[in-house]
Novice: 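Sending over a structure as structure tokens; questions will come in a sec.
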Amino acid sequence: MDWKTLQALLSGVNKYSTAFGRIWLSVVFVFRVLVYVVAAERVWGDEQKDFDCNTRQPGCTNVCYDHFFPVSHIRLWALQLILVTCPSLLVIMHVAYREDREKKNREKNGENCPKLYSNTGKKHGGLWWTYLLSLFFKLVIEILFLYLLHKMWDSFDLPRLVKCTNVEPCPNTVDCYIARPTEKRVFTYFMVGASSICIVLTVCEIFYLIFKRVVRRAQKWKKSTKRSVSYSKASTCRCHLKVEEKDNKSQTRCVA
């Protein structure tokens, strides 16, 4: 798998991400993709070959391996990394759509025409919702894969010995041994920990975006109320001035 291409695509997201989003992207590529490419693939490279069972019954070893490892850790993590980074591409596509609209607007109305967007990469309007939805997608994918990993292998644990019972064509109970279980357990806990950190960062970014939006709306509401109050005061002052002018005119007429 060419992870460099994926990194090149997602590096553009940094321009539109918040501080939490930049930290999330760093954690994904340094602590997950880099560890996956450099070490994890080699640790799980010979998992089926070194899955040793105390029987020579043809097909028993393959069936037992499939029973305890319906999906390989390494392939599950690869799928998780691909799916968890794909929602970020929605933001890039939305920004590209805005830039294309801006370009067509200039071609149609001239270079000096009013801009459709003050900044195509600024998280306002539809882009804000796209960014927020991408965060929710990431969160759901991370939690779903952690649940699958926990469901398939209880508490993310890899025992040294697994017993294959009542699985054809294995006779009776067959003992099977996993290759390098301690090493694989360490990497499993590490990847689960990195995924948990990404979940925390994603939740923080969601709350940060919503809080920032609420504060901005509150500031706009305060400004609008101040303008309405100042306008009402100005209008009442003008009314008083007109009444005073009329009173002064009537008094001068009476004296005359």
Novice: Could you tell me the separation between the NZ atom of Lys222 and the CZ atom of Arg217, rounded to the nearest 0.5 Å?
Specialist: 15.5 Å
Novice: According to a 4.5 Å side-chain heavy-atom criterion applied to Ile, Leu, Val, Met, Phe, Trp and Tyr, with indirect links allowed, do Phe29 and Val91 form part of one hydrophobic cluster?
Specialist: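 Yes, same cluster.
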Novice: Can you give each donor-acceptor pair under 3.5 Å made by side-chain atoms of residues 58-70, sequence neighbours left out, with the distance rounded to 0.1 Å?
Specialist:
{"from": "Asn62", "atom 1": "OD1", "to": "Gln48", "atom 2": "NE2", "distance (Å)": "3.3"}
{"from": "Tyr65", "atom 1": "OH", "to": "Glu47", "atom 2": "OE1", "distance (Å)": "2.9"}

Novice: With rounding to the nearest 0.5 Å, note down the distance linking SG in Cys176 to CG in Leu161.
Specialist: 8.0 Å
Novice: Are Phe20 and Leu209 linked, directly or through intermediate hydrophobic residues, by side-chain heavy-atom contacts shorter than 4.5 Å (ILVMFWY only)?
Specialist: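 Yes; Phe20 is reachable from Leu209 via cluster members.
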Novice: How far apart are the closest heavy atoms of Leu149 and Trp77, and which atoms are they?
Specialist: CD2-NE1, 3.9 Å
Novice: Crowded around Phe207 CZ? As in, over 12 foreign heavy atoms under 6.0 Å?
Specialist: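 No - once you tally the heavy atoms of other residues, nucleotides and ligands closer than 6.0 Å, there are 12 at most.
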Novice: Is the number of heavy atoms from other residues, nucleotides or ligands within 6.0 Å of CE (Met93) greater than 12?
Specialist: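 No, CE of Met93 has 12 or fewer neighbouring heavy atoms, counting only those of other groups under 6.0 Å.
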Novice: Determine the minimum heavy-atom distance between Arg160 and Pro181, stating which atoms define it.
Specialist: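 Scanning both residues completely, I find the closest heavy atoms to be CG-CG, 3.4 Å.
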Novice: Can a donor-acceptor pair be found between the side chains of Tyr131 and Glu205 at a distance below 3.5 Å?
Specialist: yes
Novice: For Lys184 and Ala179, indicate whether the former's side chain and the latter's backbone hold a donor-acceptor pair under 3.5 Å.
Specialist: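 Yes.
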Novice: Quick one: is the NZ or CZ of Lys212 closer than 6.0 Å to the six-membered ring centre of Trp128, and within 45° of its axis?
Specialist: no
Novice: Kindly indicate whether the side chain of Val174, heavy atoms from C-beta on, has any atom under 4.5 Å from the side chain of Gln57.
Specialist: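 No, every pair of side-chain atoms sits at 4.5 Å or beyond.
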Novice: Let me confirm one number: the CH2-OG1 distance from Trp24 to Thr18, rounded to the nearest 0.5 Å.
Specialist: 11.5 Å
Novice: Got a second to check how far Ile141's CD1 is from Thr85's OG1, nearest 0.5 Å?
Specialist: 8.5 Å
Novice: So which heavy atom on Gly126 is nearest to which on Arg98, and how close?
Specialist: N-NH2, 4.2 Å
Novice: Nearest 0.5 angstrom please: Leu144 CG to Leu139 CG, how far?
Specialist: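 Interatomic distance, Leu144 CG to Leu139 CG, rounded to 0.5 Å: 11.0 Å.
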Novice: Taking the side chain as everything from C-beta on, heavy atoms only, tell me whether Leu79 gets closer than 4.5 Å to Phe145.
Specialist: yes
Novice: Just how far is it from atom NE2 of His94 to atom OG1 of Thr130, taken to the nearest 0.5 Å?
Specialist: 4.5 Å
Novice: Between Asp175 (side chain only) and Asn54 (backbone N and O only), is there a donor and an acceptor less than 3.5 Å apart?
Specialist: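 Not confirmed, Asp175 side chain does not pair with Asn54 backbone.
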Novice: In terms of hydrophobic clustering (I, L, V, M, F, W, Y; side-chain heavy atoms under 4.5 Å; direct or indirect links), are Leu83 and Leu148 co-clustered?
Specialist: no
Novice: Go through the structure and list residues passing disulfide bond (SG atoms under 2.5 Å apart) with Cys198, not counting sequence neighbours.
Specialist: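 Here no residue qualifies.
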Novice: Can you find a heavy atom in the side chain of Ser196 that is under 4.5 Å from one in the side chain of Val192?
Specialist: yes
Novice: So do the side chains of Phe187 and Val35 get within less than 4.5 Å of each other, counting heavy atoms only?
Specialist: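 A side-chain contact exists here, since the closest heavy-atom pair is under 4.5 Å.
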Novice: Look at the side-chain heavy atoms of Ile, Leu, Val, Met, Phe, Trp and Tyr, link any pair under 4.5 Å apart, and say whether Val30 and Tyr36 land in one connected group.
Specialist: yes
Novice: Give me the one residue out of Ile199, Leu201, Val200 that meets side chain to side chain contact (heavy atoms under 4.5 Å, CB included) with Ile197.
Specialist: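 So the option named by the test is Leu201.
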Novice: Taking 4.0 angstrom as the limit, do Arg32 and Glu142 come out as a salt bridge?
Specialist: yes
Novice: Taking the side chain as C-beta and beyond, is there a heavy-atom pair between Ile178 and Val162 under 4.5 Å?
Specialist: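 Heavy-atom side-chain distance check passes, below 4.5 Å.
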Novice: For the CZ atom on Arg213, are there more than 12 heavy atoms of other groups (residues, nucleotides or ligands in this structure) within a distance under 6.0 Å?
Specialist: yes
Novice: Just by modelled atom types, is the Met191 backbone N or O under 3.5 Å from a matching donor or acceptor in the Ser195 side chain?
Specialist: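 The answer is no, because no donor-acceptor pair under 3.5 Å joins these two groups.
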Novice: Around atom CG of Asn109, are there more than 12 heavy atoms from other residues, nucleotides or ligands closer than 6.0 Å?
Specialist: yes
Novice: Same cluster for Ile210 and Val140 if Ile/Leu/Val/Met/Phe/Trp/Tyr side chains link at under 4.5 Å?
Specialist: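 Different hydrophobic clusters.
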Novice: Let me see the working for Phe211 and Val214 under side-chain contact (heavy atoms from CB on, under 4.5 Å), right down to the final yes or no.
Specialist: CA-CA 5 Å; Phe211 175 76; Val214 171; 5.7 Å; no
